[in-house]
Engineer: 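First the structure, then my questions, so here it is.
Lettering follows sequence order; numbering is per chain, from 1.
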Amino acid sequence: MDVSSNSLTAAQREAVEHIDGPLLILAGPGSGKTRVVTQRIAHLVRQGVPAHQIVGLTFTNKAADEMRSRVETLIGPSRVWLGTFHRFCSRLLRRYASLVGLDENFTIYDSDDSLRMLKRTLEQMDQPPTHFMPEQIRSAISWAKNNLITPQQYEPRQGHALGSAVVRVYPEYQARMRIANAVDFDDLLLHVGTLLRENAELRAELDERYRYILVDEYQDTNLVQYAIARALSIDHPNLAVTGDPDQSIFGWRGANISNILDFQRDYPDVKVVRLEQNYRSSKQILRVADALIVHNQRRKEKRLFTENDEGSPVRLTHYATHREEAQRIADEIAVEIASGRRRPSDFAIFYRINALSRAFEFALRERGIPFQLVKGLEFYQRKEIKDVMSYLHLINNPRDDVALLRVINTPTRGIGKKTILGLTEHATRYGQTLFASAQETGLIEALGKRAATAVGRFVKIVDHLAETASAPVEEIVGRVLSESGYQKSLQESGLEEDESRLANIEELLTVAREFDERFGEEAGLSAFLEETALVNDVDQWEEEIDRVTLMTMHSAKGLEFPVVYIVAAEEGLLPHERSREDPDRLEEERRLLFVGMTRAEEELQLSLATQREFRGQRRRTVPSSFLMELPREQMKVVEPAADWTTGEFEEDEFFDGWEDDDGFDATDEEADENFDESPKEFGGDREEDAEAAEAGRATARQADAKSTLTTAAQLHESREPTAATPKTKSAPPVSPEEFRVGMAVVHPEYGLGKVAALSGSATQRTATVQFVTAGERKFRLQHSALRPARET
DNA sequence: CGTAATGAAATTTTT
DNA sequence: TTTCATTACG
């Protein structure tokens, strides 16, 4: 994007020069939004607005940093507050902690910690067998919090079984969190949200203090965030939000797309500015992305345009295997780099789920191409790091039960299940924390002498460590490592695994040192803990480093790259299978792909593989239904090379099971193994199993008709329409009930298509199918040869 | 009480 | 494939 140019379009200028009153900036991808926002901040300050009255709320720290540095280049260092919602709330909450029953040194639990807390709660509530998995309850609680519903307000939907479990667990969980002086991510927002709602005085005070609020990525805010922004903009309604409904991709986290769609209703005299010109992508890319997104129903009409070059066509490449996909893409990248046309950092590879990164890591590494993997769970989630961090948390907040449980016997000090149970019961009986109980082991009869001594030793270690709590962070970490015996136990174990753990711990020491240097030693332990609690994966991504970027499409939001590869555009993966039933979520998946595509500046390739190995299992794939919504005639479509079978998978190995014409020999064990969509997965009784098995075999046989044919679509393309499989071998009927709108289907004559609509019932049940190449057709399901295009 | 081994299950996206 | 949990054994 052109940052240096001082020229602004009329629309941009309008937004930049707006000062008082609500402002809605509808900004398409690559429309120079960040530039507009930062210029507006600069403009506000230049117009005499005190910098400390301006607050910019972003989604990631990365975005905040970016804005800060841009504002700085415009007006120099200032006291404008820029950061994430969570950080902002955390800051407020530290100051007003006592109002919600917390101490200012509260701990922020990550999702792992809060799940542990929840599990403990469930265990100790001797719940009537709620066979709900803690995960489900956790997400129900999270949902409530995101919607500003406190434990007291929570009301289960009538007859909703999960709800009635939640209605009991939620208050108990919350109470325990308070005892532990801890909050989870959602609490940061919830507590501030309720404070503002219930404390008019405080609300007015803060509204006064933060007069100019700016919310970025507004389409991804949830109800609490909305409520917070709103509460701070009542007396001083200078709320400016930017966003793009088409880029709303966090609905599963409670984000409410209505927040942006209804903004004009909430603030009637809002000024609306639309930024529709794209400065990022080529015309070709933009056109394809637009063709995709128009398939969404719930959206604000928007036409994107660009004055950029036409560019090269968007590619849609069909590989034989996931391996080949990775290898070929890596090859391309290698060639471009070797020729000097591109640098590694020009490239990005996006996928739907992190689990898909491996093949690409491997292929890039093989070629010596530097890359950076932006992935969750990387550093702060590792066991050894969490262990050490838990000591720090315990020092900072002795009430932190989750931390205590984590380290009380790490390294092992002879404190086992029984001892912990004794401590827990004692703590529960007196409504106190585990650490408090640990300090008075003498009073606990259930504990033997040996256990009591062991616990006493642990308490002593923590107490001693706590004395140095005000030292520089690096020093504290160092002491933890030595005094807890953690480091020693790793060194002595001799396990290879522990070698790398030691290395990671070294890394943590470095992080601590850098923190000390960056914020000065007086910043202290609590600041360090807060800092590390609120980082996220994308924050670790470094723009300057010259490496190929590997990340999920979610992480890619807000970034841009000259060349983008979007991989694994396959049914069940790109529209993720968990979104298939719900049309809203399917639209969200489409937006996700849209976001991914619009990250590309010059070149974009979408790809899929016919065969993909996932969770250690080979699977045949079905092309993403989104691919059928793209203007293929404007794109460069590449099908697998004819000789692909000589590649990664040995043909014999893979096709063994259905090689001979007679079909399937039930006694052939190998065949069974190769038969991924085994009868079991279809469920049902034996007869159905047999049918399903036959269906699978039939599809497999079709695929094998010519060994280069691997999908129904290809099957269709290279075959006479009338040359359908012989009747005797065609797939058995499938229940009309199995069909769903949006489902990918196969027809022996028309090939691959997607169910556009369903009507009628029973024998009248009719499907309207949009075929890739054969147009739209209707079928009476009862008699048709239409079949779901399942992975085979 | 601690460790090791075995077996089973589970796998989206993230502040 | 990886991770988790349970169990058996020392």
Engineer: Report the residue (A/R585 or A/D186) whose heavy-atom-nearest nucleotide on DNA chain B is the more 5′ of the two.
Structural biologist: A/R585

Engineer: With the six-membered base ring of B/dT13 as reference, does the ring of A/H554 sit under 5.5 Å away with planes under 30° apart?
Structural biologist: no

Engineer: Kindly write out the residues that satisfy side-chain contact (heavy atoms from CB on, under 4.5 Å) with A/A533, not counting sequence neighbours, or none if the list is empty.
Structural biologist: A/I108

Engineer: Given C/dT2, B/dT14, B/dC1, which nucleotide is nearest the side-chain atoms of A/N354?
Structural biologist: B/dT14

Engineer: Looking at B/dT14, I'd like to know if its phosphate oxygens (OP1 or OP2) sit under 4.0 Å from a side-chain N or O belonging to A/T552.
Structural biologist: yes

Engineer: Just compare B/dT15, C/dA5, B/dT12 and give me whichever is closest to any side-chain atom of A/T84.
Structural biologist: B/dT15

Engineer: Among all residues two or more places apart in sequence or in another chain, which pass the salt bridge (Lys or Arg N to Asp or Glu O under 4.0 Å) test with A/R178?
Structural biologist: none

Engineer: Indicate, with a heavy-atom threshold strictly under 4.0 Å, whether A/S579 touches base, sugar-phosphate, or nothing.
Structural biologist: nothing

Engineer: Compile the donor-acceptor pairs under 3.5 Å between side chains in residues 403-412 of chain A and protein atoms, sequence neighbours left out, one pair per line.
Structural biologist:
from	atom 1	to	atom 2	distance (Å)
A/R406	NE	A/D387	OD1	2.9
A/N409	OD1	A/R413	N	2.6
A/N409	OD1	A/G414	N	3.4
A/N409	OD1	A/I415	N	3.3
A/N409	ND2	A/I415	O	2.9
A/T410	OG1	A/R406	O	2.4

Engineer: All N/O contacts under 3.5 Å from nucleotides 8-10 of chain C to the protein, with atom names and distances to one decimal?
Structural biologist:
none

Engineer: Using nucleotides 2-5 of chain B, report all nitrogen or oxygen pairs with the protein that are shorter than 3.5 Å.
Structural biologist:
from	atom 1	to	atom 2	distance (Å)
B/dG2	OP1	A/G414	N	2.7
B/dG2	OP1	A/I415	N	3.2

Engineer: Think A/R450 has a side-chain N or O under 4.0 angstrom from the OP1 or OP2 of B/dC1?
Structural biologist: no

Engineer: According to side-chain contact (heavy atoms from CB on, under 4.5 Å), who are the partners of A/S526, at least two apart in sequence or on a separate chain?
Structural biologist: A/N396

Engineer: Taking 4.0 Å as the cut-off, does a side-chain nitrogen or oxygen of A/S555 come that near to OP1 or OP2 on B/dT14?
Structural biologist: yes

Engineer: Aromatic ring centroids of A/F185 and A/F85 under 6.0 Å?
Structural biologist: no

Engineer: For A/Q219, give me all partners under side-chain contact (heavy atoms from CB on, under 4.5 Å), at least two apart in sequence or on another chain.
Structural biologist: A/E217, A/Q247, A/S248, A/I260, A/K557

Engineer: Taking salt bridge (Lys or Arg N to Asp or Glu O under 4.0 Å) as the definition, give me every residue that meets it alongside A/R352, ordered by chain and number, with sequence neighbours left out.
Structural biologist: A/E589

Engineer: Mind calculating the distance between CD1 (A/I108) and C1' (B/dT15) to the nearest angstrom?
Structural biologist: 11 Å

Engineer: Of all residues at least two apart in sequence or in a different chain, which pass the side-chain contact (heavy atoms from CB on, under 4.5 Å) check with A/D582?
Structural biologist: A/D584, A/R585

